[in-house]
> 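One structure, as structure tokens, below. Some questions next.
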Amino acid sequence: MGKWFPEYKGLDLSQINKDILKVWDKNDTFHKSIREVNGKGEFIFYEGPPSANGIPGIHHVMARTIKDAICRFKTQCGYEVKRKAGWDTHGLPVELGVEKALGITKEDIGTKISIEDYNKVCRTDVMKYTDLWEDLTRKMGYWINMDHPYVTYDNRYIETLWWLLKQLHTKGYLYQGYTIQPYSPAAGTGLSSHELNLPGCYHDIKDTTCIALFKLIRDKKSGFLYNNTETSDIHMMAWTTTPWTLPSNTALAVGKEITYIKVLSFNPYSGDPVTVIIARDLLNALFPESNAGLDFSEYKPGDKKIPFRVLGEFTGGELQGINYEQLIDWIKPAEGAFRVLTGDFVTTEDGTGIVHIAPTFGADDYRIATENGIPPLIVKRKDGSFSPMVDKRGYMVPIADLDESFVKQSVNINTYTGFEARPVKNEYDDNLSPDTETLDVKIAVMLKQQGKVFRIEKQIHSYPHCWRTDKPVLYYPLDAWFIRTTAFRDRMIELNNTINWKPQSTGTGRFGKWLENLVDWNLSRSRFWGTPLPIWATEDRKEEKCIGSAAELKAEIEKSINAGFMKNNPLGKFSEGNNSSENYETFDLHRPFVDDIFLVSDTGRKMFREPDLIDVWFDSGAMPYAQAHYPFENKDNFHEMFPADYIAEGVDQTRGWFFTLHAIATMISDSVAFKNIISNGLVLDKNGNKMSKRLGNAVDPFSAIDEYGSDPLRWYMITNAQPWDNLKFNISGVDEVKRKFFGTLYNTYSFFALYANVDNFRYAEKEIPVNERPEIDRWIISLLNSLVKEVGRCYDDYDLTRAGRAIQEFVTENLSNWYVRLNRKRYWGGEYDKDKLAAYQTLFVCLETISRLAAPIAPFYMDRLFIDLNDATGRHKENSVHLVLFPIYDESLIDKALEERMDIAQKISSMILGLRRKVSIKVRQPLARIMVPVPDKYFKEKFEAVKDLVLAEVNVKEVEYIDDTASILVKKIKPNFKTLGPRYGKLMKEISNAISALTPQEIVSFENTGNHPFSINSQQIVLTTGDVEIISEDIPGWQVANDGKLTVALDITVSDDLRYEGIAREFVNRIQNIRKETGFDVTDKITVLIEDHDFIREAVTRHAAYIRSQTLATTVNLVNSFTGNNIREVDIDDTVIRISVIKNN
RNA sequence: AGUCCCGUAGCUCAGUUGGUUAGAGCGCUACACUGAUAAUGUAGAGGUCCACGGUUCAACUCCGUGCGGGACUACCA
């Protein structure tokens, strides 16, 4: 005898989770699933490596479900799905975590703790929650290959990174420059953006602002400006909140499309006439409209009201390229300075619409200056280095610090002397009292005396402060290494257009726009735990070397030893070509060890390593290469792992991992790194707030999985909202999924198993051809095939949400609530005949197909279901749903007409049930007939096919069609806007009114003749039946219900015959309940004795046979008195009857 | 500030090329049904489809401008 279909006491998804994990372990299911079928080939997935120094959260379950479901689906499609796990181990979060744990700050590293010890702590700390992560991976059913995960701190991983960097360096794409970064002069350190975002960093401070006047040089370019000027000079006005940057000014920026005007007026401080240029939109901010009419001749210096006159108008584009005189002549810059540029960041919201550019102190300034070849204002120091004219302590450079010949050439000692060695903000010098005149004020006053300023004002604005010292931050240029990503901008955009983004808008919008506005990638990080920059340079930076492999480094060190710069070779034990971890553990490429390596230049000079680390995003973005240790390994089969077919991460990775993957692949391989991508949104708490440990609203994935099992969690996350929408995570939603979807599916299976076991169904019989099965079987099979088609299409399109929703709808609505409900009687009792077999086969196939369709999203329960179905029948040789191929749909089994018929049946049934409820007649009480008006000629044919189902469902004897339309039906007519709208346009409103005004007679005649001519505004209009919708709304004297075109009427007369039958059904119901309460088995035979009573006598006598058949009773007798036990009292229509139900021996 | 996502019932979400009664589930209320029962059915209450403007015979749907929530990037005279 074959196995049974297992029957369960209840649905415990948490237990199933655990059981299935054991089964997978025992059968090694995951490894078996990594195979290809039918030569499908590989499907490559890249895992965005998590960092194991944090505890996994519920959002990781979300992201990983999305990853997992697609990979499982592709496995089911026959692909060999490659997916290597990895760990991200470098980076600031790790360091900050360690700093916190050790109670130290960045300054302590190298002093209180050695870099070596510090990095040692980082190395262990970063893996501290590895166990938790692996546990989550396992419990949530995330199938990823954990056998040999890549680890970014591994020397082999770093070696690939170095190789990649060398490729870029060789081609000139890796260069040193500087970048404007927030810097704390008081703490002597740069600040990261997150340090700037710490709460309380921004304070309001009061600054001196001024509008400076930049005198233009009259030449060919500017000549057109002077044609109607009364003054000999023309000035551009530029506003600044940091007058101390004015000495560093080397350019002015205007907006290309912005309109500027030339204004004649007086300098309010000197009283001299001036001609100035300002944006037209901002004219009245400086020159009040009310002063426009003032007489120039009456103006006296010192007057509050200053007359002005507009003399001309031009665009920013016309001003481009004009030269001006240096505003403050302390230090001369290199050639090419003092030019008007155009910049897209210039606005007319405040100031003058003209922006002063100091390339050494502003990010925008730096960028626009670089793009236009404008030199920054820098000074040469005694040690030969160059720096901005403000030093890192926040002081104007003292003349004494400067190179002597530079001073001779470029410094105006007379003018500079009063200002050198002053702090740019008083806070930087503890000896200065807060009310000391600031440098800003001093400069402003100086400009005022020289007539070079138009207005001086105090302004309050918010400004970032250093969180350690609480002193204002300085934006300061710091050395950094860059990758020239801008050189690849167009190619990156081109390649991006070939990527399938989900949602598309993230690709074209957020990511696409990011690429269009790309700047060079700042690779430098002044930290300790990370991949060191493999560049060595001589002290004067004239010569540099970029190292691309361990072997190369070893060889270079040998040269260095020969040159006498090193004593021994730290890579001495390393042997090239041996890729074992042992070989790669004989040295360490991290700091401080690399810092102690000195190389020799080609000219024999000593070279030092550049102290920076590289951005960790380079680590993760290089993962396609580095996980393979390319090109040191996998050189020939790299195409089998690159590019990825699919990746998925949170949308917050757009500028992170998504970008670095894309950039590196473009630069190194001229290829995309991934072909398809899902970027998901955030997981918020149920109120839409960000989850955080601090607020205590974070959901623990482990306890959620433990309570519900992973499947409901996964199902909820996928089906509740599209992945890219933020998910408001509510655990009650998980509970609902459990009850609604899994509960219903489990019930359906339980129902099937119960009867299949009774009848010993094992799917051993020959399959009954679908066209020989009953209508309702063909209907559910049709829907099932439609479902397979739809779900497959959705998965193929990376649309998990639609796939899951379609499956759920099918299971709960169609399979359970309609198919099983209507077919229950086919399974219990009766012969094991063809009809019953068809019922079993149909339901079995539905269940089995569902398990295969839903397996990617709910891998545990679906495998349970599949195994239970398959073990009893042995239909598949595979012992897991994850090893079986995705179902294939049969187009010929999809019958849309049949689906429509059943839709009619469902609607009419529910209308009749509604009517019964309205008049309070129980469904158990049979009724004689329903009447259905026939809306069109095909209707009768359609309804005949499903008539029996409807009648059985609503307990009515027969159906009567009403095709005679005129007499009893009350009709309603509605215009069909879709056909009429395009034809009549503006007349629609009146036509609509005319149609609703039709009398019943007119409607009838319209129906009979098939057209209805009439006129509106003397325009002739002819309606045909296609232009309107005629529905039968009411049948006077009947209980009637409507749903769209469908109408049904119910005859509610209860004759004696019907009443007797109703009573008999009441008895069946009571006896069934007694059977169940008493604990009889479903198959037990019984004897029923009913106390005789006038009210029920006729009913029981007439329908004894019916009662017997329904309740498995051998005898149903009326008696006057009882003996024996199990005597109950039942209430039938308020009459109490005693009844005895006894199991036969 | 820029870019992107979202805004439909108390809650979570559908709503397909614009077409006239805007749907589902949960929750609430009432009544039914029940040898699938931690289910199920029917009905009721609950909507200015964020606002305003435009296109159109017709806008939840298309366009524009705001407002609100969120994410990322950036911090500017």
Side-chain angles (χ1 to χ4, degrees), chain A residues 10-11 182 193 196 209 211 238-242 245 252-253 345-347 349-358 362-365 464 475 503 505-506 508-514 517 650-656 681-682 684 686 688-690 716 719-722 724-728 730 732-733 735-736 738-740 743-744 746-752 754-755 805 809 812-813 816-817 820-821 824 827-828 909-911 913-918 920 922-924 974-982 984-992 1044 1069 1072-1073 1075-1076 1080 1082 1110-1111:
Chain A
L11 176 62
S193 58
L196 232 47
T209 72
I211 294 175
W239 181 57
T240 179
T241 55
T242 50
T245 60
L252 292 171
F345 56 88
V346 180
T347 66
E349 272 157 34
D350 48 21
T352 60
I354 300 168
V355 178
H356 133 70
I357 299 292
D364 276 337
D365 305 36
Y475 284 90
S505 59
T506 299
T508 54
R510 187 184 287 222
F511 195 68
K513 293 271 162 57
W514 166 257
N517 299 316
V651 68
D652 52 329
Q653 295 292 338
T654 308
R655 271 87 167 209
L682 297 187
L684 307 168
K686 63 180 173 185
N689 299 314
K690 218 171 174 174
Y716 165 72
T719 59
N720 187 67
Q722 288 287 359
W724 45 88
D725 288 339
N726 289 344
L727 175 69
K728 288 185 194 162
N730 192 341
S732 69
D735 194 60
E736 188 184 325
K738 185 191 98 181
R739 287 202 329 263
K740 191 109 200 114
T744 306
Y746 159 77
N747 277 338
T748 307
Y749 167 77
S750 299
F751 174 84
F752 167 81
L754 178 67
Y755 293 106
R805 283 174 175 168
E809 161 107 10
T812 57
E813 298 309 315
S816 172
N817 282 349
V820 173
R821 192 153 61 87
R824 279 177 294 186
Y827 297 89
W828 71 61
S909 298
S910 82
M911 284 192 279
L913 291 172
L915 288 172
R916 277 179 168 277
R917 130 104 191 126
K918 209 150 119 197
S920 295
K922 293 177 174 181
V923 179
R924 251 186 248 124
K974 264 182 4 188
N976 182 350
F977 288 89
K978 226 167 186 167
T979 64
L980 289 171
Y984 293 109
K986 280 197 165 93
L987 284 171
M988 272 315 293
K989 223 163 228 158
E990 290 169 78
I991 292 176
S992 172
N1069 166 249
Q1072 298 286 37
N1073 284 343
R1075 283 185 63 115
K1076 195 176 160 196
F1080 294 167
V1082 195
Q1110 291 296 305
T1111 62

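All values derive from a computational prediction rather than experimental measurement. Chain letters run A, B, ... following the sequence lines, proteins first, then strands; residues in each count from 1.
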> How many whole angstroms separate atom CG of A/Asp735 from atom P of B/A39?
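Going from A/Asp735 (CG) to B/A39 (P), I get 9 Å.
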
> Under 4.0 Å, counting only non-hydrogen atoms across every strand here, what does A/Ser750 touch: a base, just sugar-phosphate, or nothing?
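Here A/Ser750 touches no strand at all.
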
> On the side chain of A/Thr744, is there an atom forming a donor-acceptor pair with the base of B/A36 - under 3.5 Å, no angle test?
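No pair found.
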
> Rounded to the nearest Å, what distance is computed from the CD atom of residue A/Glu736 to the P atom of nucleotide B/C13?
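After rounding, the gap between these two atoms is 12 Å.
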
> With RNA chain B as reference, determine whether A/Arg824 or A/Thr242 sits nearer its 5' end, using the nearest nucleotide of each.
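Between the two, 5'-proximity favours A/Arg824.
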
> In whole angstrom, what separates A/Phe752's CZ from B/A36's C1'?
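So the two atoms are 14 Å apart, to the nearest Å.
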
> With rounding to whole Å, what would you report as the distance between B/C60 and B/U8 at their C1' atoms?
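The answer is 7 Å between these two C1' atoms.
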
> Over how many whole Å does the gap from A/Glu813 atom CD to B/A14 atom C1' extend?
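Value for this atom pair: 13 Å.
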
> How far, in whole Å, is B/G47 from B/C57 if one measures between their P atoms?
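Pairwise P distance, B/C57 against B/G47, rounds to 33 Å.
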
> By the 4.0 Å heavy-atom rule, please label A/Arg805 as base, sugar-phosphate, or nothing.
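Sugar-phosphate contact only.
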
> On a heavy-atom basis, which atom in A/Ser816 and which in A/Thr748 lie closest, and how many Å separate them?
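That would be CB-OG1, 3.9 Å.
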
> In the structure shown, which nucleotide is the Watson-Crick or G-U wobble counterpart of B/U56, with both distances under 3.5 Å?
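Here B/U56 is not engaged in any pair, so there is no nucleotide opposite it.
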
> How would you list, by chain and number, every residue that makes a side chain to side chain donor-acceptor pair (under 3.5 Å) with A/Asn747, sequence neighbours excluded?
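Not a single residue meets the side chain to side chain donor-acceptor pair (under 3.5 Å) criterion with A/Asn747.
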
> Nearest 0.5 Å, please: how far is OG1 in A/Thr744 from CD in A/Glu813?
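Rounded to the nearest 0.5 Å, the CD-OG1 separation comes out at 9.0 Å.
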
> Determine, stepwise, if the pair A/Ser992 / A/Phe977 fulfils side chain to side chain contact (heavy atoms under 4.5 Å, CB included).
CA-CA 9 Å; A/Ser992 172; A/Phe977 288 89; 4.0 Å; yes

> Using the C1' atoms only, state how far B/A59 lies from B/A51, rounded to an integer number of Å.
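The same atom, C1', in both gives a distance of 15 Å.
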
> Any strand counts, and the cut-off is 3.5 Å on both contacts for Watson-Crick or G-U wobble. Which nucleotide pairs with B/U61?
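Per the H-bond distance test, none.
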
> Strictly below 4.0 Å: does A/Lys740 bring a side-chain N or O up to OP1 or OP2 of B/G25?
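Indeed not, no polar side-chain atom of A/Lys740 lies that close.
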
> Take atom C1' in B/G64 and the same atom in B/U56, then report the distance between them in whole Å.
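Here B/G64 and B/U56 have their C1' atoms 16 Å from each other.
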
> Taking the same atom, C1', in B/A24 and in B/C49, what whole-Å distance lies between them?
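After rounding to an integer number of Å, I get 16 Å for this pair.
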
> Can you tell me the base-pairing partner of B/C76? Count Watson-Crick or G-U wobble geometry only, both distances below 3.5 Å, and say none if there is no partner.
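Paired with B/C76, as far as the under-3.5 Å criterion goes, is no nucleotide at all.
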
> Could you pick out which residue, A/Asn976 or A/Lys738, lies toward the 5' side of RNA chain B when each is mapped onto its nearest nucleotide?
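It is A/Asn976, whose closest nucleotide lies nearer the 5' terminus.
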
> Think A/Arg739 has a side-chain N or O under 4.0 angstrom from the OP1 or OP2 of B/A39?
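Checking B/A39 against A/Arg739, a side-chain N or O does come within under 4.0 Å of OP1 or OP2.
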
> Using the P atoms only, state how far B/C5 lies from B/C63, rounded to an integer number of Å.
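11 Å, rounded to whole Å.
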
> Could you pull out the protein-nucleic contacts involving nucleotides 56-59 of chain B (nitrogen or oxygen on both sides, under 3.5 Å)?
residue	atom	partner	partner atom	Å
B/C57	O4'	A/Gly985	O	3.0
B/C57	O4'	A/Lys986	N	3.1
B/C57	N1	A/Gly985	O	3.3

> Report the distance from atom OH of A/Tyr716 to atom P of B/G25, rounded to the nearest whole Å.
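Value for this atom pair: 18 Å.
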
> Without decimals, in angstroms, what is the distance between A/Lys978 NZ and B/U16 P?
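In whole Å, B/U16 P and A/Lys978 NZ are 11 Å from each other.
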
> Are any of the side-chain heavy atoms of A/Tyr716 and A/Asp735 separated by less than 4.5 Å?
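In short, these two side chains do not touch, never coming nearer than 4.5 Å.
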
> Both distances under 3.5 Å, Watson-Crick or G-U wobble: report the partner of B/A30, or none.
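B/U42 - that is the nucleotide pairing with B/A30, both distances being under 3.5 Å.
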
> Listed by chain and number, what are the ring pair (Phe, Tyr, Trp, His ring centres under 6.0 Å) partners of A/Tyr749, not counting sequence neighbours?
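A/Tyr749 satisfies ring pair (Phe, Tyr, Trp, His ring centres under 6.0 Å) with no other residue.
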
> Taking only the side-chain heavy atoms of A/Tyr475 (C-beta and beyond), determine which of B/U12, B/A39, B/C75 contains the nearest atom.
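Of the candidates, B/C75 comes closest.
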
> In whole Å, what separates the P atom of B/C33 from that of B/U16?
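Between the two P atoms, the distance is 40 Å.
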
> Taking all non-hydrogen atoms of both residues, which atom of A/Thr240 and which atom of A/Thr245 are closest, and how far apart?
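Shortest heavy-atom contact: OG1-OG1, 4.1 Å.
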
> Go ahead and name the base partner of B/A24; Watson-Crick or wobble counts if both distances stay under 3.5 Å, otherwise write none.
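With both distances under 3.5 Å, B/A24 matches B/U12.
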
> Roughly how many Å is it from CG in A/Asn730 to C1' in B/G27, rounded to a whole number?
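From A/Asn730 CG to B/G27 C1': 12 Å.
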
> When you compare B/C4 with B/C76, how far apart are their P atoms, in angstrom units rounded to a whole number?
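My reading of the P atoms in B/C4 and B/C76 gives 24 Å.
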
> For a quick test of reading the model, state the closest non-hydrogen atom pair linking A/Leu252 to A/Ala238 and the distance between them.
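Looking at all heavy atoms of both residues, the closest pair is CD2-CB, 4.0 Å.
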
> Only pairs with both distances under 3.5 Å count, Watson-Crick or wobble alike; so what is the partner of B/C4 in this structure?
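By the stated definition (distances under 3.5 Å), B/G70 pairs with B/C4.
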
> Using atom CZ of A/Phe751 as one end and atom P of B/U40 as the other, report the distance to the nearest whole Å.
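It works out to 16 Å between those atoms.
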
> Spell out, as yes or no, whether a donor-acceptor pair under 3.5 Å connects the side chain of A/Arg805 to the backbone of A/Asn720.
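Between the backbone of A/Asn720 and the side chain of A/Arg805 there is a qualifying donor-acceptor contact (under 3.5 Å).
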
> To the closest 0.5 Å, what do you measure between CD (A/Glu736) and CG (A/Asn730)?
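CG of A/Asn730 is found 9.5 Å from CD of A/Glu736.
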
> Mind checking if A/Thr352 touches a base, just sugar-phosphate, or nothing, with heavy atoms under 4.0 Å?
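Touches nothing.
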
> Less than 4.0 angstrom between a side-chain N/O of A/Asn720 and OP1 or OP2 of B/C13, yes or no?
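The answer is yes; a side-chain N or O of A/Asn720 sits under 4.0 Å from OP1 or OP2.
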
